[in-house]
Amino acid sequence: AVVSTQSTGEQNVLARDAYWLDIGTQVSTELRRGPSQLHRHSLLHIDRTSTWNATIDFWTSLIPPVQTIENPESGEVELVPSLLSLTNCSYHTEHGVLYVALHGAVNLTSPDEDYDMYVIVTINGKEVAETEAVEESRNPAYDVVHEVLLTEENPLTGNVIEMAVWDWDRFSGDDYLGTARIVPGAEPMIRQPVPIFSERGSKRGFVVVTTVFTPMPFI
């Protein structure tokens, strides 16, 4: 930032000097309900030769990794990567934000023909979400969204997303149906069906998943 400084010894002399200001701020979840937020930082500098202060205003806005558009041919609303995700793909980095969404499951097959399914989502073995059970449906709809900050300690390569599908049971223990595994990459995956496999390797249907990686080389 460039600020004007005034010497305490020479009250009428203004000098322009350049200073690096390292400003940090927490991005509020309120951004999801508004276009931008104003942040104001005041800085007071005093040394043996001068005293000056500066007030810096800046705005932050949340640009989602995905957005909806209307298909001009079919008229249906579709989910696509946002402009931010597409333009940032030119950065060759594994640091950034990984967006993960579970939309639902399709064509589920259960050995006991009981379909009260819920899904537990884990990333690298850590549980990040669990859906409600959807009763009596082979094609349950879910709405799970999770974002992961990928830094030097946790780059994109090596991340594994697992979605374990369970059949809820009122009177006994829940039954494990199978797991879908996703290894996210730099290319967006929009509403992609991912197969669910049982412990014995039988296919039990698909989960419908979106993953979008937004590179941010400054992280």
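Residue numbers count from 1 along this sequence.
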A.B. asks: Using the rule that two of Ile, Leu, Val, Met, Phe, Trp, Tyr join whenever any of their side-chain heavy atoms come within less than 4.5 Å, decide whether Val128 and Val207 are in one cluster.
C.D. replies: yes

A.B. asks: Taking side chain to side chain donor-acceptor pair (under 3.5 Å) as the definition, give me every residue that meets it alongside Glu187, ordered by chain and number, with sequence neighbours left out.
C.D. replies: none

A.B. asks: How about Tyr118 and Asp174: does a side-chain donor come under 3.5 Å of a side-chain acceptor?
C.D. replies: yes

A.B. asks: Is there a chain of hydrophobic side chains (I, L, V, M, F, W, Y, each step under 4.5 Å between heavy atoms) that links Trp168 to Val134?
C.D. replies: no

A.B. asks: In Å, rounded to the nearest 0.5 Å, how long is the span from CD of Glu132 to OH of Tyr142?
C.D. replies: 10.5 Å

A.B. asks: Does Pro195 reach the side chain of Arg181, with side-chain heavy atoms less than 4.5 Å apart?
C.D. replies: no

A.B. asks: Looking only at heavy atoms, what is the nearest atom pair of Tyr115 and Thr109, with distance?
C.D. replies: OH-CA, 3.5 Å

A.B. asks: Hey, mind stepping through Val209 and Thr211 against side-chain contact (heavy atoms from CB on, under 4.5 Å) and telling me if it holds?
C.D. replies: CA-CA 7 Å; Val209 179; Thr211 65; 4.0 Å; yes

A.B. asks: Write down the atom of Ala180, the atom of Val194, and the distance for their closest heavy-atom approach.
C.D. replies: CB-CG1, 3.9 Å

A.B. asks: Could you check whether any side-chain N or O of Asp167 sits under 3.5 Å from a backbone N or O of Asp175, counting only pairs where one atom can act as donor and the other as acceptor?
C.D. replies: no

A.B. asks: Going by atom types alone, do Thr151 and Asn154 pair a side-chain donor with an acceptor below 3.5 Å?
C.D. replies: no

A.B. asks: Taking all atoms of both residues into account, what is the closest heavy-atom pair of Gly185 and Leu156, and its distance?
C.D. replies: C-CD2, 3.7 Å

A.B. asks: With a 6.0 Å cut-off (strictly less than), is the heavy-atom count around CD of Glu113, excluding the residue itself, greater than 12?
C.D. replies: yes

A.B. asks: Excluding sequence neighbours, so at least two apart, what forms salt bridge (charged side-chain N to carboxylate O under 4.0 Å, His left out) with Arg138?
C.D. replies: none

A.B. asks: Once you round to the nearest 0.5 Å, how far does CD of Glu199 lie from OG1 of Thr179?
C.D. replies: 8.0 Å

A.B. asks: Side chains of Leu102 and Met163: closer than 4.5 Å at any heavy-atom pair?
C.D. replies: yes

A.B. asks: If you measure from CG on Asp116 to CD on Glu136, what distance do you get to the nearest 0.5 Å?
C.D. replies: 6.0 Å

A.B. asks: What I'd like to find out is whether the side chain of Ile161 reaches to under 4.5 Å of the side chain of Val121, using heavy atoms alone.
C.D. replies: yes

A.B. asks: Could you go step by step and tell me if Val97 and Leu150 meet the side-chain contact (heavy atoms from CB on, under 4.5 Å) rule?
C.D. replies: CA-CA 6 Å; Val97 177; Leu150 303 179; over 6 Å; no

A.B. asks: Quick one: pull up OG1 in Thr210 and OH in Tyr99 and give me the separation to the nearest 0.5 Å.
C.D. replies: 6.5 Å

A.B. asks: State plainly whether one hydrophobic cluster holds both Trp166 and Val208, where clusters connect Ile, Leu, Val, Met, Phe, Trp and Tyr through side-chain heavy atoms under 4.5 angstrom apart.
C.D. replies: no

A.B. asks: Over all heavy atoms of both residues, which pair between Ile196 and Gly178 is shortest? Give the atoms and the distance, please.
C.D. replies: CG2-C, 3.4 Å

A.B. asks: For the NZ atom of Lys203 and the CG atom of Leu108, what is their distance to the nearest 0.5 Å?
C.D. replies: 13.0 Å

A.B. asks: Once you round to the nearest 0.5 Å, how far does CD1 of Ile123 lie from CG of Leu98?
C.D. replies: 6.5 Å

A.B. asks: State, to 0.1 Å, how close Asn139 and Val106 come at their nearest heavy-atom pair, and which atoms those are.
C.D. replies: OD1-CA, 3.1 Å

A.B. asks: Could you check whether Thr157 and Glu94, counting side-chain N and O atoms only, form a donor-acceptor pair closer than 3.5 Å?
C.D. replies: yes

A.B. asks: Please examine the side chains of Val212 and Pro184, heavy atoms only from C-beta on, and report whether any two atoms are closer than 4.5 Å.
C.D. replies: no

A.B. asks: Step by step, would you call Val160 with Ile182 a side-chain contact (heavy atoms from CB on, under 4.5 Å)?
C.D. replies: CA-CA 6 Å; Val160 178; Ile182 304 106; over 6 Å; no

A.B. asks: Does one side chain, of Asp112 or Ser110, offer a donor that lies under 3.5 Å from an acceptor on the other?
C.D. replies: yes

A.B. asks: Applying side chain to side chain donor-acceptor pair (under 3.5 Å) as the test, list every pair that has at least one member in residues 119-130; sequence neighbours left out.
C.D. replies: Asn124-Asn159

A.B. asks: Please report the closest heavy-atom contact between Val144 and Ala129, naming both atoms and the distance.
C.D. replies: CG1-CB, 3.6 Å

